[in-house]
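Just below is one structure, and these are the notes that go with it.
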Amino acid sequence: MLDLTPYINLLKSGEIVAFPTETVYGLGADAWNPSAVKKVFKAKGRPADNPLIVHISNEKQMEDFASEIPESAKTLMTEFWPGPLTLILKKKPKVLDLITAGLDTVAIRMPDHKLALQLISSTGPLVAPSANKSGRPSPTNPKHILNDFGQNFPVLDGGATEIGLESTVLDLTSEIPVILRPGKIGKKEIEAVLGSDVNINSTEKSDSPKSPGQKYSHYKPKASVRYGEISSIENDTLYLVQNTFPESKNVISYDGNLALLSKELYDRFRQADIEGYSTVFIEKLDLFRKKFPAFYTALTNRISKAAD
Ligand code: TXA
Ligand code: MG
C-alpha cells in the first residue's frame with residue numbers, strides 16, 4: 001500500500017502537494033494556514049480574486065467553514081457526498097479571506113476518492129484548486145502535473161482520475177439554487193433530489209462576484225479548439241469523433257460515449273500540444289445529449305471555453 005506519511009508531513013508543515021480526486025487532481029494546502037494557501041495561488045499563477053474549494057473528509061468539518069447548513073445542503077450531501085458536487089454556502093468569519101477571495105461564501109466538497117479521503121483525514125481540510133498552471137487544462141493524471149510544475153513536484157499518485165471534468169459547483173445561497181459550473185452531477189438529478197427548480201449560469205462571462213471563476217479563460221491547450229461538423233480530415237488536426245470516420249492516428253472515436261470523452265478530454269488537449277497538432281476538432285455531441293445530459297452540458301461548457 002502507498003505510504004501517505006511524506007505527503008501528510010509536507011501538508012502539515014505548510015507545503016503544497018498534488019493529490020487525486022474522482023474528478024481531476026487537486027493542488028492541496030492546509031485550509032487554516034495562510035502561508036500555505038498563498039503558495040497555492042503563487043504556484044498556479046492564479047488571480048487572487050478566484051476563490052478556492054475546501055475539501056473535507058467528514059461532514060462534521062463543514063461546521064468550521066459554513067455559518068449555516070440549509071436543509072437543501074443536507075439533502076444533497078446525503079445523496080451525493082462523497083462525490084463531484086461542490087456546495088457554495090455562507091461562510092464563517094474565521095474562514096481565511098484568501099480562500100474565499102473576500103466573498104461572504106465558501107465552496108466545500110467531499111471528494112469520492114480513497115486516497116484523498118485518507119489524506120484529508122490525517123491533515124484536516126485542504127483547499128485544492130485543480131493542480132494545473134492557471135489557464136491550462138486540469139490534470140487528470142500525475143504526468144500532467146509534472147509537466148506543469150516540474151519533475152520533482154510532490155504528487156500523490158492515484159493513476160488516472162475517473163471522471164476527468166471538474167465537480168459541479170452549486171450555489172445554495174440564493175433563493176433558487178444556481179449551477180455555476182456544470183459537471184457530472186446534472187441539473188435534472190439535483191432538481192429530482194431537491195424537489196425544486198435549479199438554475200444554470202455557467203456561460204456567464206461578466207465579472208459577477210457570484211461566479212468569479214467564470215470570467216477567466218480556462219481549460220486551454222496551445223492548439224486551437226474547434227467544435228462542429230467535420231467535413232474533411234487534415235493532417236495537422238487531432239479529431240475527436242463519434243462514429244462517422246475510420247480511425248487513424250489523428251482520428252479518435254468515442255462512439256457517443258460522453259463519459260469516456262469527459263474522462264479523456266484534457267489528456268487529448270495535452271496530447272495535441274505534445275504531438276504538435278495545430279487544432280483539436282471535436283465532432284458535435286448533440287446526438288448524445290439525451291443519453292448523457294449532464295456530461296453533454298459539462299463537455300460543451302468546457303469545449304466552448306477552450307474554443308474562445
Ligand atoms: O473537481 C473539482 O472541483 C476540482 C477538484 C480538485 O476538487 N477542483 C477545482 O477547483 O476544479 P478550481 O479551483 O479549479 O475551481 C473552483 C471553482 C472556480 O470556478 C471558483 O471560481 C469557484 O469554484 N468557486 C470557489 N469558491 C467560490 C465561491 N465562494 N463562490 C462562487 N464560486 C466559487
Ligand atoms: Mg481549475
Side-chain angles (χ1 to χ4, degrees), residues 16-29 31 37 40-41 43-56 65-67 80-92 95-113 115-117 119-120 125-140 144-145 148 156 158 161-174 177-185 201-202 204 207-220 262 266 298 301-302 305-306:
I16 57 180
V17 168
F19 66 93
T21 79
E22 79 281 36
T23 56
V24 300
Y25 275 76
L27 189 58
V37 176
V40 168
F41 282 93
K44 276 186 66 94
R46 183 177 177 107
D49 63 352
N50 194 1
L52 305 176
I53 299 172
V54 175
H55 293 63
I56 60 175
F65 294 90
S67 62
F80 294 116
W81 279 10
L85 178 67
T86 296
L87 300 177
I88 308 283
L89 299 169
K90 290 275 178 216
K91 71 163 199 131
K92 284 227 161 122
V95 178
L96 296 176
D97 277 333
L98 281 168
I99 297 178
T100 63
L103 298 176
D104 61 353
T105 57
V106 61
I108 309 176
R109 91 176 188 98
M110 190 190 294
D112 186 14
H113 194 290
L115 290 177
L117 292 172
L119 187 69
I120 298 165
L126 299 175
V127 292
S130 51
N132 52 282
K133 293 268 187 187
S134 261
R136 298 272 295 144
S138 294
T140 55
H144 297 161
I145 301 163
D148 278 12
L156 174 52
T161 58
E162 192 48 46
I163 297 172
L165 297 179
E166 306 82 352
S167 62
T168 305
V169 176
L170 182 70
D171 184 355
L172 288 177
T173 64
S174 48
V178 186
I179 294 177
L180 299 178
R181 181 176 69 184
K184 184 192 179 205
I185 297 178
N201 188 27
S202 59
E204 184 186 59
D207 353 309
S208 157
K210 275 276 180 197
S211 50
Q214 299 295 326
K215 72 179 175 192
Y216 295 106
S217 128
H218 271 103
Y219 322 116
K220 262 194 197 310
S262 296
Y266 293 146
N301 168 264
R302 304 309 192 275
K305 281 169 183 287

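Along the sequence shown, residues carry numbers from 1. We count ligands from 1, going down the list as the structure has it; atoms in each ligand are counted the same way.
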| message | Less than 3.5 Å apart, any donor N or O on the side chain of Ser167 or Arg181 sitting next to an acceptor on the other? | response | yes
Under 4.0 Å from one or more heavy atoms of Ser167, ligand 1 contributes atoms 1 (O), 2 (C), 3 (O)
One finds that the ligand 1 atoms under 4.0 Å from a non-hydrogen atom of His55 are 5 (C), 6 (C), 7 (O)
Item checked: Residue Lys91 excluded, over 12 heavy atoms near NZ under 6.0 Å -> yes
Judged by heavy atoms only, the candidate from Ser130, Gly102, Gly26, Pro51 nearest atom 22 (C) of ligand 1 is Pro51
Of Thr86, Asn50, Thr23, the one whose closest heavy atom lies nearest atom 20 (C) of ligand 1 is Asn50
Item checked: Ala128 heavy atom under 4.0 Å from ligand 1 -> yes
Checking heavy atoms under 4.0 Å, the part of Arg46 that sits near ligand 1 is side chain
Looking only at non-hydrogen atoms, the one of Met110, Glu166, Arg181 nearest atom 15 (O) of ligand 1 is Arg181
message: I'd like to know: is the Mg ion (ligand 2) within the 2.8 Å range of an N/O/S atom from Ser130, strictly under that distance?
response: yes
So the atoms of ligand 1 within less than 4.0 Å of a heavy atom of Ala107 turn out to be 25 (C), 26 (N), 27 (C)
Exercise. Thr105 to ligand 1: N or O pair under 3.5 Å?
Worked result: yes
Donor-acceptor contact below 3.5 Å, side chain Thr21 vs main chain Thr23: yes
* So, the side chain of Lys184 versus the backbone of Ala298: is there a donor-acceptor pair under 3.5 Å, distance only? -> no
Exactly one candidate in Leu115, Leu126, Val54 meets side-chain contact (heavy atoms from CB on, under 4.5 Å) with Ile120; the answer is Leu126
If we number the atoms of ligand 1 from 1 as shown, the ones under 4.0 Å from a heavy atom of Leu103 are 28 (C), 29 (N), 30 (N)
For ligand 1, is Thr100 a contact, meaning one of its heavy atoms is under 4.0 Å away? no
In this structure, NE2 of His113 is separated from NE2 of His55 (nearest 0.5 Å) by 12.0 Å
- Is it true that Glu166 and Arg109 have a side-chain N and a carboxylate O under 4.0 angstrom from each other? no
Here the atoms of ligand 1 under 4.0 Å from any heavy atom belonging to Leu180 are 31 (C), 32 (N)
If we number the atoms of ligand 1 from 1 as shown, the ones under 4.0 Å from a heavy atom of Ile88 are 27 (C), 28 (C), 30 (N), 31 (C), 32 (N), 33 (C)
* Is Thr105 reaching over with its side chain to a backbone N or O of Ile88, donor-acceptor style, under 3.5 angstrom? -> no
The atoms of ligand 1 lying under 4.0 Å from a heavy atom of Pro129, numbered in the order shown, are 10 (O), 12 (P), 13 (O)
Under 4.0 Å, counting heavy atoms only: does Lys91 come that close to any atom of ligand 1? no
Determine whether Leu103 and Pro51 make a side-chain contact, defined as any pair of heavy atoms from C-beta on separated by less than 4.5 Å.
yes
One should read off an interatomic distance between Asp49 CG and Thr100 OG1, to the nearest 0.5 angstrom, of 11.5 Å
